[in-house]
Structures are given as structure tokens and as C-alpha cells.
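Take a look at the structure below.
Just so we're clear, the structure is a prediction, and the values are computed from it rather than from any experiment.
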Amino acid sequence: MKNKIVELKHLSAGYDQQIVLNNVNFTVYNNDFIGIIGPNGGGKTTLLKIILGLLKPFSGHIHFYNNSQKVPNINIGYLPQINAIDTKFPISVKEVIQSGLVQGNYSLLKRKTNKNDIRTQEIMEMVGVDHIAGKAIGELSGGQKQRTFLGRALISDPSLLILDEPDTYVDHSFEKELYELLKKLSVNTAILLVSHDVGMISTFVNSIACVNKDLHYHPSNEINEEVLRSYNCPIDLITHGTIPHRVLKKHNH
């Protein structure tokens with residue numbers, strides 16, 4: 001059964017009175033796996049900030065739901081772009097993942113429990129970092145950091161998982177594994193995935209939202225250049241075969 005968990009109604013937002021998102025209507029349901037695409041500066045990050053509660057809209061409304069009932073907020077797991085994270089802080093992989101327990105149904109504010117330990121181990125194994133649990137976050141490769149912060153986003157059993165360009169620093173051995181994991185998670189967790197790689201995400205997501213000041217929702221994962229033009233979404237289409245390649249328009253030298 002599809003129940004809405006986030007609803008944006010006639011929402012406009014931006015910075016210093018400059019509108020970045022204009023009159024956006026967008027609904028996320030409990031079993032959605034939505035790819036969010038659009039040009040740089042088009043409003044993708046602003047959309048995420050609104051949903052995460054980091055930015056207040058100029059006008060319009062955002063509502064959250066639990067079992068069709070309006071609630072003040074919901075449990076959201078967030079995987080930011082890794083280049084925006086300070087990795088100099090002396091904290092281990094296990095501690096980073098456990099820091100996500102203060103959200104949702106688990107809490108490190110209480111005395112350490114066996115339930116927390118079991119959950120932490122499950123998540124570390126799920127994202128493939130159990131063998132480096134004690135390693136300092138600043139010593140990790142880009143892919144290892146991505147795995148670790150994905151674990152942090154997942155550990156509290158969020159109702160909604162938001163990922164901002166997760167494939168930017170993912171090592172090739174984890175890329176397909178990451179998307180397959182997200183596909184499995186989407187059975188019980190709604191997912192918003194921001195990416196420039198339309199070809200890759202369209203293989204896994206169920207639908208696509210094009211964000212370029214306004215928002216156009218495409219109710220399937222099949223998208224082509226004509227659709228992108230009609231949605232005013234000027235980005236490259238990238239396809240993946242045996243050898244990943246980008247198809248470019250004919251041009252004169």
C-alpha cells in the first residue's frame with residue numbers, strides 16, 4: 001500500500017530573497033525510489049535542504065506523514081557528498097556509523113546496549129566495512145568513506161533515505177553493489193537519489209524528478225533526450241554497456 005511520507009505543496013525557496021525553487025509540488029511515498037536529476041544550480045541541493053529541515057521555504061508548505069497521519073517530522077537518513085565532510089576528526093569507522101544511532105529508534109544517549117552493538121555489526125557487514133571498523137575515518141579511501149557514511153545513514157532504520165551524488169567517490173567494486181543494495185532497501189524505505197548519471201540510476205530507480213528551478217516528475221525510469229528537453233533539464237544522457245560511454249551530438253571541429 002502506498003502511503004505518502006513527504007509532501008511539498010506550492011513551495012518556493014532560495015537564498016537572500018533569490019528564488020531557486022519556484023512553486024514546486026512533489027510527493028514522496030513509502031516505497032518510492034526516485035532519481036533526482038538536473039543541472040548545477042538548478043535547485044537539487046535546495047530541495048534536499050528543505051526536506052532535511054535545513055532551509056525554510058519562502059512560501060508554500062512541506063508536510064510529513066506516518067501511516068497517513070501528519071507528523072512534525074520523520075526519521076531521515078542522509079548521505080551527503082563526501083567532499084563536504086570533515087574527515088580530520090579523530091573518529092573510527094565504527095564510531096561514525098554508531099553516531100547515526102542518535103536518530104530514530106536507537107539511541108547512544110542511553111547506556112550502551114547489546115541491541116546497538118548487534119545493529120552496528122549488521123550495518124558494517126552490509127556496507128562492507130566490518131574489517132576496518134577500528135580504522136580512523138581520515139585514513140580511508142573515497143570508496144571506504146562512502147561505505148562508512150552510508151552505514152551511518154542506514155543504521156537508524158530511516159523512513160526516507162537521501163543520497164547526494166553517492167557515486168562520486170564510490171570505488172568501482174562497490175558501485176553496482178551500492179545500487180543493488182539500494183534497490184533492496186527501497187522495498188521498505190523510500191529513497192531519493194541525486195545524481196548526474198541518468199544512465200546508471202535509471203537502471204535502478206522507479207521514477208525520476210527533473211529539477212531546474214521548477215520540478216517535473218516523470219513516473220517511470222525510462223527517460224530520453226526529448227523528455228529532458230521538455231522538462232527543461234539540460235544534462236547529458238550517459239549510457240552503460242560493456243564499456244561505459246557517453247553519446248554526444250554531432251559537432252563540427
Side-chain angles (χ1 to χ4, degrees), residues 1-81 84 158-166 186 189-199 201-202 204-238:
M1 181 178 178
K2 292 188 69 171
N3 293 315
K4 58 187 174 183
I5 58 175
V6 180
E7 183 179 44
L8 279 63
K9 299 182 70 174
H10 304 293
L11 188 143
S12 296
Y15 312 91
D16 299 324
Q17 302 306 310
Q18 181 177 354
I19 292 178
V20 176
L21 290 176
N22 184 45
N23 196 30
V24 167
N25 292 284
F26 182 50
T27 303
V28 181
Y29 293 89
N30 60 309
N31 58 350
D32 276 345
F33 189 176
I34 303 174
I36 299 177
I37 62 174
N40 291 332
K44 299 188 301 297
T45 297
T46 302
L47 177 67
L48 298 189
K49 286 182 177 180
I50 288 290
I51 296 174
L52 289 166
L54 302 176
L55 183 68
K56 292 184 178 180
F58 292 156
S59 60
H61 302 280
I62 178 168
H63 301 298
F64 298 100
Y65 296 86
N66 183 18
N67 294 323
S68 301
Q69 300 296 317
K70 280 187 182 180
V71 292
N73 52 64
I74 58 173
N75 183 17
I76 300 176
Y78 176 47
L79 178 64
Q81 293 187 31
S159 301
L160 173 64
L161 177 63
I162 296 178
L163 304 100
D164 191 1
E165 300 285 356
S186 68
T189 304
I191 298 176
L192 298 181
L193 170 63
V194 174
S195 178
H196 286 94
D197 191 343
V198 184
I201 68 170
S202 64
F204 297 93
V205 302
N206 299 325
S207 56
I208 291 176
C210 300
V211 180
N212 188 15
K213 194 169 184 179
D214 50 11
L215 186 151
H216 294 276
Y217 178 73
H218 189 69
S220 81
N221 61 355
E222 296 181 4
I223 195 162
N224 54 38
E225 189 175 350
E226 183 178 350
V227 171
L228 293 177
R229 281 201 306 269
S230 68
Y231 288 164
N232 190 29
C233 214
I235 64 174
D236 291 327
L237 266 178
I238 304 172

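- Closest non-hydrogen pair, Leu21 versus Gly42, comes out as CD2-O, 4.3 Å.
- Panel note: side chain Lys44, backbone Gly38; a donor-acceptor pair is recorded below 3.5 Å.
- We find the CZ-CG distance between Phe33 and Asn206 to be 7.5 Å, quoted to the nearest 0.5 Å.
- In this structure, SG on Cys210 lies 3.5 Å from CD1 on Ile37, to the nearest 0.5 angstrom.
- When all heavy atoms of Thr46 and Ala13 are compared, the closest pair comes out as CG2-CB, 4.2 Å.
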CA sep, side-chain torsions, deciding dist, call: Leu8, Leu215, side-chain contact (heavy atoms from CB on, under 4.5 Å): CA-CA 11 Å; Leu8 279 63; Leu215 186 151; over 6 Å; no
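- The backbone N or O of Asn3 lies less than 3.5 Å from a partner atom in the side chain of Asn30, making a donor-acceptor pair.
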Kindly indicate, with the supporting measurements, whether the criterion side-chain contact (heavy atoms from CB on, under 4.5 Å) is fulfilled by Ile74 and Ile76. CA-CA 6 Å; Ile74 58 173; Ile76 300 176; 3.8 Å; yes
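- There is no side-chain donor-acceptor pair under 3.5 Å between Thr27 and Tyr217.
- Listed here is the closest heavy atom pair of Leu48 and Val194: CD1-CG2, 3.8 Å.
- The CD1 atom of Ile36 lies 10.5 Å from the CD atom of Glu165; values are rounded to the nearest 0.5 Å.
- In plain terms, the two heavy atoms of Ile34 and Val205 that are nearest each other are C-CG1, 4.2 Å.
- The line from CG of Asn22 to OG of Ser12 is 4.5 Å long, rounded to the nearest 0.5 Å.
- Minimum heavy-atom separation, Ile62 to Ile51: CD1-CA, 3.8 Å.
- Here OG1 of Thr45 is found 8.5 Å from CG of Asn40. Values are rounded to the nearest 0.5 Å.
- The structure places CG of Leu192 at 8.0 Å from CG of Asp32, a figure rounded to the nearest 0.5 Å.
- Residues Gln18 and Phe58 share a closest heavy-atom pair of O-CE1, 3.8 Å.
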